[in-house]
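Notes follow the structure.
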There are 6 protein chains.
Amino acid sequence: MVSAHSADFVWRAGGAIALSAKAGHPVHVVCLSYGERGESQGLWRKEGMTIEKVKQAREDEARQAADILGAEITFYDMGDYPLTPDRAAADRLVEDMRRVQPGVILTHVERDPYNLDHCFAHELALRCRMVAQAAGHPSAHPPIGAPQVLCFEPHQPEQCHFKPDLLLDITEVFDLKRAAMAAMGGAQGHLVDYYTDLGTRRGVQYRRNGGVGAEHAEAYESIFPTVATAIV
Amino acid sequence: MVSAHSADFVWRAGGAIALSAKAGHPVHVVCLSYGERGESQGLWRKEGMTIEKVKQAREDEARQAADILGAEITFYDMGDYPLTPDRAAADRLVEDMRRVQPGVILTHVERDPYNLDHCFAHELALRCRMVAQAAGHPSAHPPIGAPQVLCFEPHQPEQCHFKPDLLLDITEVFDLKRAAMAAMGGAQGHLVDYYTDLGTRRGVQYRRNGGVGAEHAEAYESIFPTVATAIV
Amino acid sequence: MVSAHSADFVWRAGGAIALSAKAGHPVHVVCLSYGERGESQGLWRKEGMTIEKVKQAREDEARQAADILGAEITFYDMGDYPLTPDRAAADRLVEDMRRVQPGVILTHVERDPYNLDHCFAHELALRCRMVAQAAGHPSAHPPIGAPQVLCFEPHQPEQCHFKPDLLLDITEVFDLKRAAMAAMGGAQGHLVDYYTDLGTRRGVQYRRNGGVGAEHAEAYESIFPTVATAIV
Amino acid sequence: MVSAHSADFVWRAGGAIALSAKAGHPVHVVCLSYGERGESQGLWRKEGMTIEKVKQAREDEARQAADILGAEITFYDMGDYPLTPDRAAADRLVEDMRRVQPGVILTHVERDPYNLDHCFAHELALRCRMVAQAAGHPSAHPPIGAPQVLCFEPHQPEQCHFKPDLLLDITEVFDLKRAAMAAMGGAQGHLVDYYTDLGTRRGVQYRRNGGVGAEHAEAYESIFPTVATAIV
Amino acid sequence: MVSAHSADFVWRAGGAIALSAKAGHPVHVVCLSYGERGESQGLWRKEGMTIEKVKQAREDEARQAADILGAEITFYDMGDYPLTPDRAAADRLVEDMRRVQPGVILTHVERDPYNLDHCFAHELALRCRMVAQAAGHPSAHPPIGAPQVLCFEPHQPEQCHFKPDLLLDITEVFDLKRAAMAAMGGAQGHLVDYYTDLGTRRGVQYRRNGGVGAEHAEAYESIFPTVATAIV
Amino acid sequence: MVSAHSADFVWRAGGAIALSAKAGHPVHVVCLSYGERGESQGLWRKEGMTIEKVKQAREDEARQAADILGAEITFYDMGDYPLTPDRAAADRLVEDMRRVQPGVILTHVERDPYNLDHCFAHELALRCRMVAQAAGHPSAHPPIGAPQVLCFEPHQPEQCHFKPDLLLDITEVFDLKRAAMAAMGGAQGHLVDYYTDLGTRRGVQYRRNGGVGAEHAEAYESIFPTVATAIV
């Protein structure tokens with residue numbers, strides 16, 4: 001999971017993370033940035049704030065949310081608004097992918113005119129996946145396979161050319177997602193209701209697309225074809 | 001499975017059909033046309049051919065191929081080059097969908113500038129799926145659910161905006177597909193090698209996208225989002 | 001406003017209708033179908049239903065909703081699931097456009113794989129607009145100008161390639177929209193909450209795109225370029 | 001060349017026609033409609049006009065323009081605004097294609113929200129091309145090969161998703177095109193300057209894309225891949 | 001207004017600038033480059049030219065054009081062909097946006113295969129808009145709101161995926177635009193007629209899309225949805 | 001020809017290169033990288049391999065392949081997986097373009113989610129083409145004209161939005177391409193059959209699109225419109 005800002009993984013993919021963790025798959029979240037500048041307006045309204053205090057507060061919240069969801073979390077501290085390209089960070093992400101050997105990678109969509117940091121995270125994730133596959137890349141860990149890349153839902157999906165091809169039933173872990181969202185409340189509290197409603201909305205669509213019983217769902221778009229041994 | 005011409009289901013989806021049949025799922029093939037005009041050049045080269053003889057030959061071949069793959073087959077005889085819209089045929093397809101209650105529907109892609117009969121079949125399949133879902137449609141059978149629609153691969157995929165999102169491992173039934181293709185040989189024998197090579201090519205891609213062990217595959221594009229309860 | 005089924009205008013464009021009516025612009029709703037087959041599952045669950053009873057119930061509800069919103073309404077009764085192309089109905093729509101001289105036309109999006117009746121309504125609206133513009137079309141009324149065509153939001157927007165370019169603040173008439181939605185409740189009551197939430201969601205986006213104060217909004221996609229004499 | 005209305009072939013493809021005719025290739029123009037309703041506003045402003053008089057005037061102008069360009073012309077009289085689908089006309093077009101054995105087919109673009117008759121002409125051209133290729137289609141003439149289909153430029157290209165991939169130098173025949181446009185002046189005289197300017201504009205682009213010496217050009221979009229034996 | 005090269009703002013958006021200035025809105029033009037290498041072929045044909053002389057000539061012309069249009073102008077001198085990414089320039093643009101608090105931002109389109117400097121300017125404008133919105137970005141000025149971004153017309157619009165959704169009537173300021181274009185004549189004199197014709201062409205389209213009275217227009221494509229309180 | 005990795009030019013464009021060389025046009029191949037990390041798995045399986053040995057082996061193979069095809073070859077050694085942006089390399093490519101004055105440039109497609117080095121090569125080729133055209137770019141060689149850019153076929157074309165518009169008959173040089181592919185065998189031997197089958201497949205399509213006699217073909221997508229003085 002490659003998240004541009006420290007909260008993205010909660011709002012957009014908290015259900016998938018909790019679901020996988022609950023099923024016993026280790027989940028690793030990489031936050032490229034703390035989101036200390038662009039997505040912490042709640043904190044900046046408090047008196048006496050400094051960039052370091054905001055970063056610490058964001059880290060604390062994100063760690064707590066990751067704990068609730070059952071994920072390991074790492075912060076790369078690459079700057080925020082804008083995220084800054086950096087060979088060292090890219091190398092670190094490649095090494096983390098090699099170490100973790102992900103079965104699937106979650107990240108942002110390719111295009112988001114509201115937030116180019118998201119585009120940067122997308123490109124970085126694809127680029128590092130490619131490097132991590134290379135037989136000749138020097139590393140203590142073996143090359144990774146060809147994990148699917150799932151893009152989670154951006155804030156204004158239609159403007160980002162987001163076309164979901166996967167609706168994931170997160171009903172059984174929705175209480176965990178809600179708790180994790182609540183933990184992020186200091187900086188972006190107004191989003192909890194927004195993403196709860198979104199979960200309901202995607203749940204309705206889950207049922208309209210042939211699914212059974214979901215009350216809450218998350219939407220994803222796959223970058224690569226899915227491989228399967230049966231079509232039902 | 002809604003096939004424009006009597007052979008399309010073999011070349012393009014024979015593997016999926018055989019795989020499902022082998023797994024115990026009943027498979028029903030509807031051939032809207034015998035392909036008697038546009039896709040029977042081999043037969044028309046023979047002396048003394050008439051439209052009825054070609055239709056009979058095409059039906060015989062297609063029945064044999066369906067038998068090999070393990071599918072039930074029905075012919076609507078809607079004309080060929082062009083297929084002709086017809087309310088009665090549409091009603092019949094709705095009724096067949098109601099009777100069969102398909103878990104998934106295979107058909108042509110939306111756009112194919114080489115062959116507008118394929119587009120017609122696509123639209124008819126979507127339209128009849130919609131009608132078959134309607135609570136108020138009068139029928140002896142109950143409404144269908146919301147089956148996925150998978151578009152199989154057109155002859156020149158890039159020109160048809162075909163972007164596969166599903167690669168299906170058909171290795172274990174490829175001998176059946178090959179036999180079914182051979183059964184179609186009278187009219188379009190030159191395609192057997194073409195589609196065998198294509199199966200190999202899609203098999204390579206299956207492995208490049210994280211799959212294991214496939215030698216032959218088929219490619220599909222989904223119309224609707226997939227619903228899932230886990231992301232693996 | 002060209003609505004495929006008798007309820008579409010309420011869920012998808014009730015706010016725009018009420019807003020225009022309140023501002024003193026006459027609003028005319030054309031329902032091509034009563035939605036008697038495909039979108040009346042609530043009614044069909046009742047005992048003793050017949051197609052005529054369902055059509056009457058749908059007409060009553062739709063008239064009540066149109067009254068609440070302040071619009072005139074006409075029913076073309078073109079059949080449902082599927083809507084059936086019909087030269088007489090097209091001629092009637094052209095004549096209605098000539099009579100009404102619309103400043104803007106609201107209708108469905110071009111593509112909707114879930115519901116091809118919507119696509120049919122879209123194409124019919126564009127085709128009749130073109131004919132109504134023709135100098136040589138015989139009619140008691142003069143040709144229309146070049147009204148914008150605004151597509152309202154489909155049920156699953158991303159699957160329909162819907163990319164809104166207009167967010168409309170409907171806060172001041174949202175109570176009217178809600179009342180009109182409630183009036184449709186007999187057949188599709190489960191949608192009232194869904195579309196209320198959607199209004200809130202589009203309202204959030206309204207504010208995120210530079211708007212002030214909206215609590216509820218509706219989203220539209222324009223077919224033609226907008227003409228303007230200033231860029232603000 | 002399949003032209004929806006009697007003048008389209010002049011404005012949009014007059015240069016290509018004159019160029020081919022001048023090079024000794026026979027050019028055949030099929031006008032599906034006289035454009036008697038939608039594109040004859042100049043004529044309808046005259047007193048005492050009837051539909052028959054307008055059709056006659058349009059035919060006279062179009063014949064004169066075709067003469068100037070060096071093309072044979074046929075009128076199908078399929079109605080106008082809207083063009084009306086008709087099996088007999090389709091069969092006639094197939095037969096004309098069989099007889100003519102075109103090396104290339106010029107027609108309208110696939111999508112034009114301003115004018116759905118253009119879309120209809122496009123689809124008809126593709127569908128009839130397919131039928132004319134069919135070995136089993138009964139005809140006195142042999143099947144056609146696989147002629148390229150070139151879409152000429154619509155009035156508002158960007159709104160029609162028109163992306164030209166071919167710029168054709170028409171400098172040496174531009175006087176003929178201008179004369180042919182002048183011949184259409186009765187009904188649509190205001191367009192002569194518009195399309196002269198467009199020719200200049202496409203000429204500038206011709207030079208910007210590596211061409212030499214063109215003062216006037218026309219733009220086309222190909223439906224099928226071009227086949228070539230060299231890339232320079 | 002973020003212009004890649006010193007002349008782009010004149011050819012492509014001179015009308016919008018003059019119109020806004022005339023209405024009393026301050027207009028600020030940022031030229032990332034003088035266009036000293038790629039768009040000054042007229043100057044380079046003169047004897048004794050050096051890069052500094054060309055830059056000075058370009059600056060003089062651009063200042064004169066800005067004066068005529070009524071805009072303030074700033075030069076970032078970021079190099080030309082190619083523009084070179086530079087954190088300091090990005091920071092400067094953010095600060096300028098903060099200071100100016102733009103109501104709308106004009107810039108290049110996202111994609112232009114002829115000129116990747118234009119793509120760079122587009123991305124820089126979006127990225128800096130995002131940073132200028134961030135609550136935590138350190139600056140003497142407050143965060144900006146959510147100004148619309150309007151992309152002006154590229155030289156070969158269809159190749160750049162440009163689909164205008166806004167046609168702006170610039171008739172009343174066209175004499176100013178023409179004078180400003182004339183002021184740029186030293187380097188790119190051949191473009192004055194080209195862009196005058198383009199203005200006429202877009203003016204025709206303005207009227208074809210329902211506008212009244214425009215003789216000249218400019219075309220724009222919006223990045224974000226427009227917010228409105230009425231649909232007219 | 002701008003090739004990301006040392007072997008790309010062989011698999012994807014070997015036919016075009018051999019064809020042009022045979023016709024007497026000089027062909028220049030620029031390999032940005034040796035492909036030493038990501039596309040040399042065959043070599044890395046051997047014992048005692050070092051990055052320098054792999055690079056040398058790749059260079060030897062590529063030189064041999066270029067010799068067979070008849071092309072000059074240059075290695076930029078920009079790193080591999082990922083290729084690293086570098087102003088010096090860009091300047092060198094501009095200078096090489098100025099020196100060579102290419103009639104056409106072959107390179108990778110714009111988008112390839114499997115391999116972002118390919119995207120980087122595409123962008124670099126377009127950017128350097130632009131700079132090489134600039135009148136004011138200092139160089140011993142004159143500006144280039146406006147050469148077409150042809151994108152060759154990526155490994156999984158549909159996932160890369162590849163839509164070929166040019167099919168090139170390479171039958172007469174296919175033995176050379178096969179020999180050149182064989183020369184690359186040390187590192188990627190499994191691809192020879194894959195690309196031979198692909199050549200056959202594109203050959204079938206060549207004939208289906210109106211071409212005569214081709215047994216093997218290559219597919220290309222053009223970035224810019226083609227200029228022509230006749231449409232055949």
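Chain identifiers are assigned alphabetically (A, B, ...) following the order of the sequence lines, protein sequences preceding nucleic acid strands; residue numbering begins at 1 within each chain.
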Checked F:Ala135, F:Ala132, F:Ala90 vs chain E; the most non-hydrogen pairs under 4.5 Å come from F:Ala135

Note: F:Ala134 and E:Gly38 closest approach over all heavy atoms is CB-CA, 3.6 Å

Closest non-hydrogen atoms of E:Pro113 and F:Phe224, given as atom of the first, atom of the second and distance, are O-CZ, 3.7 Å

Hey, are the side chains of [X] and [Y] touching, using non-hydrogen atoms and a 4.5 Å cut-off?
| X | Y | answer |
| --- | --- | --- |
| F:Arg127 | E:Asp117 | yes |
| F:Met130 | E:Tyr81 | yes |
| E:Thr84 | F:Arg87 | yes |
| F:Pro138 | E:Arg37 | yes |

If one checks every heavy atom of E:Asp80 against chain F at 4.5 Å, the contacting part turns out to be neither

When E:Asn115, E:Asp112, E:Leu116 are each screened for side chain to side chain contact (heavy atoms under 4.5 Å, CB included) with F:Leu126, the one that passes is E:Leu116

Applying a strict 4.5 Å limit to non-hydrogen atoms, the region of F:Glu110 in contact with chain E is side chain

